Asker: 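Provided herewith is a single structure, encoded as structure tokens, for subsequent inquiry.
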Amino acid sequence: KAQFSEEELEEKGALIDRYYHDVEKEAMRRCILDEGKRLDGRKTTEIRPIWCEVGYLPGPHGSAIFTRGETQSLTSVTLGTKLDEKIIDDVLAHGKERFLLHYNFPPFSTGEAKAQRGVGRREIGHGNLAHRALKRMIPEDYPYVVRVVSDILESNGSSSMATVCAGTLALMDAGVKIKKPVSGIAMGLIKNAGEEKYAVLSKQELSTISVISKDEVEKEWIRICEKEIFQESAYINDIVHHSAPVLIKDCQWGENEDK
């Protein structure tokens with residue numbers, strides 16, 4: 001823009017920004033596809049540093065804090081009696097729920113300063129993903145009602161999967177005899193239509209590219225918990241059927257490397 005006058009910038013500024021954005025996007029994608037490097041120099045198989053701690057809060061029966069990169073979940077577990085069961089009285093569904101999971105996503109977690117309003121579709125959807133992953137790990141004969149509350153303190157990636165990881169730690173801290181530990185990760189696939197090359201990345205890594213929206217960078221992304229796809233979104237048709245096994249394989253490889 002330095003070579004243009006103020007009058008020319010006023011006339012052509014929008015076009016310059018648009019074309020520069022397209023060049024920047026293509027350069028970033030080619031660097032990942034051709035060289036296997038992210039913008040910060042990491043390989044496509046590297047994940048961000050993970051830090052976690054159990055017993056982080058003194059009051060609840062169990063608690064844990066889980067941090068991956070710039071995403072952090074502070075999760076607590078409280079145990080109750082049969083009187084604490086949630087009564088379900090929908091039009092078509094009636095019964096009681098003995099495993100509860102509440103997912104809170106305050107505005108400050110993404111650096112926003114706005115009013116804290118009621119629960120939105122995002123909180124309901126992301127909380128449901130973590131609920132489905134953790135509920136099946138509770139033994140059928142477990143005598144207590146379990147309530148898990150995840151407060152997202154920082155978000156630059158998949159906070160629902162951070163909730164799964166922190167929830168597992170908090171449940172074990174509370175002494176709940178879960179069937180087995182569960183971890184979760186969201187993976188994204190970068191691929192150009194008509195090309196054989198592709199790159200698998202953690203969604204958390206892609207969301208850090210602030211100049212490019214993740215929907216433009218990723219053409220398919222999934223959330224995986226315990227080797228099962230819990231959510232999938234695809235934007236190009238030629239990869240839907242064969243890419244999921246590749247993503248699951250890379251998720252398992254990342255877990256082994258982290259250990």
Side-chain angles (χ1 to χ4, degrees), residues 50 52 54-57 59-68 71-105 118-153 155 157-187 203-204 221-233 244 247-248 251-252 255:
I50 292 177
C52 52
V54 296
Y56 203 74
L57 300 175
H61 293 104
S63 63
I65 187 167
F66 177 87
T67 308
R68 181 193 290 124
T71 296
Q72 186 175 77
S73 170
L74 176 61
T75 299
S76 61
V77 169
T78 306
L79 306 179
T81 66
K82 187 176 179 63
L83 297 176
D84 297 310
E85 291 179 333
K86 178 182 177 181
I87 299 175
I88 300 175
D89 189 16
D90 293 337
V91 176
L92 300 177
H94 302 275
K96 295 182 178 181
E97 178 64 68
R98 302 181 67 246
F99 178 79
L100 312 175
L101 189 144
H102 295 139
Y103 168 94
N104 300 319
F105 193 86
V119 178
R121 291 183 300 169
R122 185 190 185 284
E123 286 86 347
I124 294 173
H126 283 243
N128 186 53
L129 291 173
H131 181 275
R132 291 167 55 197
L134 294 174
K135 180 181 179 180
R136 64 183 64 192
M137 296 300 113
I138 306 298
E140 289 76 8
D141 58 349
Y142 193 70
Y144 300 105
V145 173
V146 179
R147 184 191 182 203
V148 179
V149 179
S150 173
D151 291 295
I152 304 302
L153 306 182
S155 180
S158 184
S159 53
S160 62
M161 298 296 98
T163 296
V164 172
C165 299
T168 295
L169 296 172
L171 287 168
M172 292 191 290
D173 184 49
V176 179
K177 295 183 179 180
I178 58 177
K179 297 176 182 178
K180 55 184 176 180
V182 181
S183 60
I185 190 169
M187 304 294 290
K203 250 177 66 67
Q204 184 165 352
W221 56 266
I222 63 175
R223 285 184 169 88
I224 296 176
C225 297
E226 196 55 38
K227 303 178 185 178
E228 179 177 341
I229 297 177
F230 273 66
Q231 186 182 34
E232 178 177 9
S233 296
L247 293 172
I248 293 178
C251 288
Q252 294 174 294
E255 285 182 4

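Residue numbers count from 1 along this sequence. Nothing here was measured: the structure is a model prediction, and the numbers come from that model.
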Asker: Provide the closest heavy-atom pair for Ala130 versus Ser160 in the form atom of the first, atom of the second, distance.
Answerer: CB-O, 4.0 Å
Asker: Under 3.5 Å, side chain of Asp151 to main-chain N/O of Asn104, donor-acceptor pair present?
Answerer: no
Asker: Enter the distance from Arg136:CZ to Ile178:CD1 here, rounded to the nearest 0.5 Å.
Answerer: 13.5 Å
Asker: Got a second to check how far Glu97's CD is from Ile87's CD1, nearest 0.5 Å?
Answerer: 12.5 Å
Asker: Measure the shortest side-chain to side-chain distance between Val164 and Phe66 over non-hydrogen atoms and say whether it is less than 4.5 angstrom.
Answerer: no
Asker: Any non-hydrogen side-chain atom of Met137 less than 4.5 Å from a side-chain atom of Lys180?
Answerer: yes
Asker: Given side-chain contact (heavy atoms from CB on, under 4.5 Å), test Leu74 with Tyr56 step by step and report yes or no.
Answerer: CA-CA 8 Å; Leu74 176 61; Tyr56 203 74; 3.8 Å; yes
Asker: What distance separates Thr67 OG1 from Ile65 CD1, expressed to the nearest 0.5 Å?
Answerer: 5.0 Å
Asker: Ring centres of Phe105 and His126 under 6.0 Å apart?
Answerer: no
Asker: In the structure I gave you, are the side-chain heavy atoms of Asp90 and Leu92 within less than 4.5 Å of one another anywhere?
Answerer: no
Asker: So which atom in Pro181 and which in Met172 form the shortest heavy-atom distance, rounded to 0.1 Å?
Answerer: CG-SD, 4.4 Å
Asker: Count the heavy atoms belonging to other residues, nucleotides or ligands that lie under 6.0 Å from NZ of Lys177, then report whether that count exceeds 12.
Answerer: no
Asker: Show your reasoning for whether side-chain contact (heavy atoms from CB on, under 4.5 Å) applies to Thr163 and Ile152.
Answerer: CA-CA 8 Å; Thr163 296; Ile152 304 302; 3.7 Å; yes
Asker: Could you go through Val145 and Leu79, starting from their C-alpha distance and side-chain angles, then the distance that decides it, and tell me whether this counts as side-chain contact (heavy atoms from CB on, under 4.5 Å)?
Answerer: CA-CA 6 Å; Val145 173; Leu79 306 179; over 6 Å; no
Asker: Evaluate the side-chain proximity of Leu153 to Ser73: yes if any heavy-atom separation is below 4.5 Å, no if none is.
Answerer: no
Asker: Can you give me the closest heavy-atom contact between Thr78 and Pro60, atom names plus distance?
Answerer: OG1-CB, 4.5 Å
Asker: Does the side chain of Asn128 come within less than 4.5 Å of Leu101's, by heavy atoms?
Answerer: no
Asker: Could you tell me whether Arg98 and Glu140 make a salt bridge, using a distance below 4.0 angstrom between a side-chain N and a carboxylate O?
Answerer: no
Asker: Does Phe99 CZ have over 12 foreign heavy atoms under 6.0 Å away?
Answerer: yes
Asker: Look at Arg147 together with Glu85 and state whether they make a salt bridge at an N to O cut-off of under 4.0 Å.
Answerer: no
Asker: Quick one: does Thr168's side chain get under 4.5 Å of Leu134's, heavy atoms only?
Answerer: yes
Asker: Going through the distances and angles, do Ser155 and Thr71 end up as a side-chain hydrogen bond (donor to acceptor under 3.5 Å, both in side chains)?
Answerer: CA-CA 4 Å; Ser155 180; Thr71 296; 4.8 Å; no
Asker: Over all heavy atoms of both residues, which pair between Val77 and Ala174 is shortest? Give the atoms and the distance, please.
Answerer: CG1-CB, 3.8 Å
Asker: Working note: Leu169 + Thr75, criterion side-chain contact (heavy atoms from CB on, under 4.5 Å); need CA distance, chi angles, decisive distance, verdict.
Answerer: CA-CA 9 Å; Leu169 296 172; Thr75 299; over 6 Å; no
Asker: Using the side-chain hydrogen bond (donor to acceptor under 3.5 Å, both in side chains) rule, take Tyr103 and Ser159 through it: C-alpha gap first, then chi angles, then the decisive distance, then the call.
Answerer: CA-CA 9 Å; Tyr103 168 94; Ser159 53; 2.5 Å; yes
Asker: Can you check whether Val148 reaches His102 side chain to side chain, under 4.5 Å on heavy atoms?
Answerer: no
Asker: Find out whether His94 and Ile88 are in side-chain contact, i.e. whether some heavy atom of one side chain is under 4.5 Å from a heavy atom of the other.
Answerer: no
